[in-house]
2 protein chains.
Amino acid sequence: MAAATLKNIQKCPTSYVLAIQDTLNAFQGKWKMPIIGTLLFGKKRFKEIEREIPKITPRMLSQELKDLEMNGIISRTVYATSPVTVEYELTKSGKQLSKVVEAMLEWGLQHRRANMLELLPILQSKTA
Amino acid sequence: MAAATLKNIQKCPTSYVLAIQDTLNAFQGKWKMPIIGTLLFGKKRFKEIEREIPKITPRMLSQELKDLEMNGIISRTVYATSPVTVEYELTKSGKQLSKVVEAMLEWGLQHRRANMLELLPILQSKTA
DNA sequence: CGGCATCCGAATCGATACTG
DNA sequence: CAGTATCGATTCGGATGCCG
């Protein structure tokens with residue numbers, strides 16, 4: 001199959017848009033990408049993830065993990081210890097997201113530097 | 001400066017999470033990535049974008065374009081024709097997002113194929 | 001430890017109608 | 001053409017408390 005480069009789909013921008021939205025749905029919201037991000041470093045337990053993601057509540061973490069599992073991005077394993085231990089791990093699909101995450105990360109750093117220099121004390125209001 | 005690879009920040013997952021969330025904020029929501037996507041092919045006018053993105057309303061398009069402009073991702077040019085013509089174009093920062101978009105696109109296609117085969121008639125309920 | 005249930009305000013977003 | 005204004009439905013997401 002041909003690679004999914006921009007040039008290949010230039011002919012039909014709309015179908016291209018649909019593909020992006022499709023992808024977007026898999027990890028939309030405030031928390032999914034950060035969760036995936038922490039799991040790229042390996043298996044983690046519920047509490048570990050919670051600790052690494054500032055301000056996430058158990059409610060949201062639980063909800064998002066369930067969502068990600070349903071979408072085939074992570075897998076959940078329960079160990080019958082006492083108290084129970086649960087480990088979350090990226091699936092193969094999930095691991096392939098590292099490409100996306102790295103791209104986002106790299107752009108984020110560049111973009112931030114660019115904005116610091118040129119414009120935008122506007123961000124202040126969002127940071128606060 | 002060292003490249004922003006995952007390995008480089010493994011030491012501090014939390015700061016890494018913050019960087020991702022930061023990036024995420026720049027194009028969160030249902031429409032921003034698709035808008036950026038269509039603009040990767042070149043300058044476009046309001047109506048052109050609207051036509052290429054299924055189901056977007058003028059309200060949302062207007063709002064998101066404004067947001068993207070404030071974030072330094074696109075630029076807006078008004079031509080004093082009659083009726084007025086407005087063109088939107090990616091800035092340098094915006095163009096650099098192509099890396100992210102392509103990564104998302106590629107993953108989306110792979111992931112879709114994988115899910116078709118293995119699991120998930122669940123998506124049906126979301127597609128409907 | 002790893003959650004779930006409930007409540008509730010805030011933010012998002014779609015539909016529709018209108019304007020310079 | 002390129003938007004804006006208003007309304008209302010839906011969803012998101014934080015706080016809190018409880019459970020096996």
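The chains referred to below are lettered A, B, ... by the order of the sequence lines, with proteins before strands, and numbering in each begins at 1.
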query: 5' to 3' on DNA chain C, which nucleotides open and close the contacts with chain A (atom under 4.0 Å from a heavy atom)?
result: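 Listing 5' to 3', DNA chain C meets chain A from dC1(C) to dT6(C).
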Whole-Å distance between [N] [atom2] and [X] [atom1]?
X	N	atom1	atom2	value
Glu64(A)	dC12(D)	CD	P	8 Å
Gln28(B)	dG13(D)	CD	C1'	12 Å
Lys66(B)	dG3(D)	NZ	C1'	8 Å
Met60(B)	dT11(D)	CE	C1'	13 Å

- line: Here the pair of heavy atoms bringing Thr23(A) nearest to Phe27(A) is O-CE2, 3.6 Å
- prompt: Which comes earlier along DNA chain D counting from the 5' end, the contact point of Arg76(B) or that of Trp31(A), where each point is its nearest nucleotide?
  reply: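 Closest to the 5' end, via its nearest nucleotide, is Arg76(B).
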message: I want to confirm an ordering. Mapping Glu87(A) and Gly29(B) to their closest nucleotides on DNA chain C, which one lands closer to the 5' end?
response: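 It is Glu87(A), whose closest nucleotide lies nearer the 5' terminus.
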query: Among residues 43-59 of chain B, which residues get a heavy atom nearer than 4.0 Å to DNA chain D?
result: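 Only Arg45(B), Phe46(B), Lys47(B), Pro58(B), Arg59(B) qualify.
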message: Side-chain heavy atoms nearer than 4.5 Å, only ILVMFWY residues, links allowed to pass through others: does that put Leu18(A) and Leu109(B) together?
response: no
Ion pair check, Glu50(A) and Lys47(A), cut-off under 4.0 Å: yes
query: Salt-bridged, Glu87(A) to Arg45(A), with N to O below 4.0 Å?
result: no
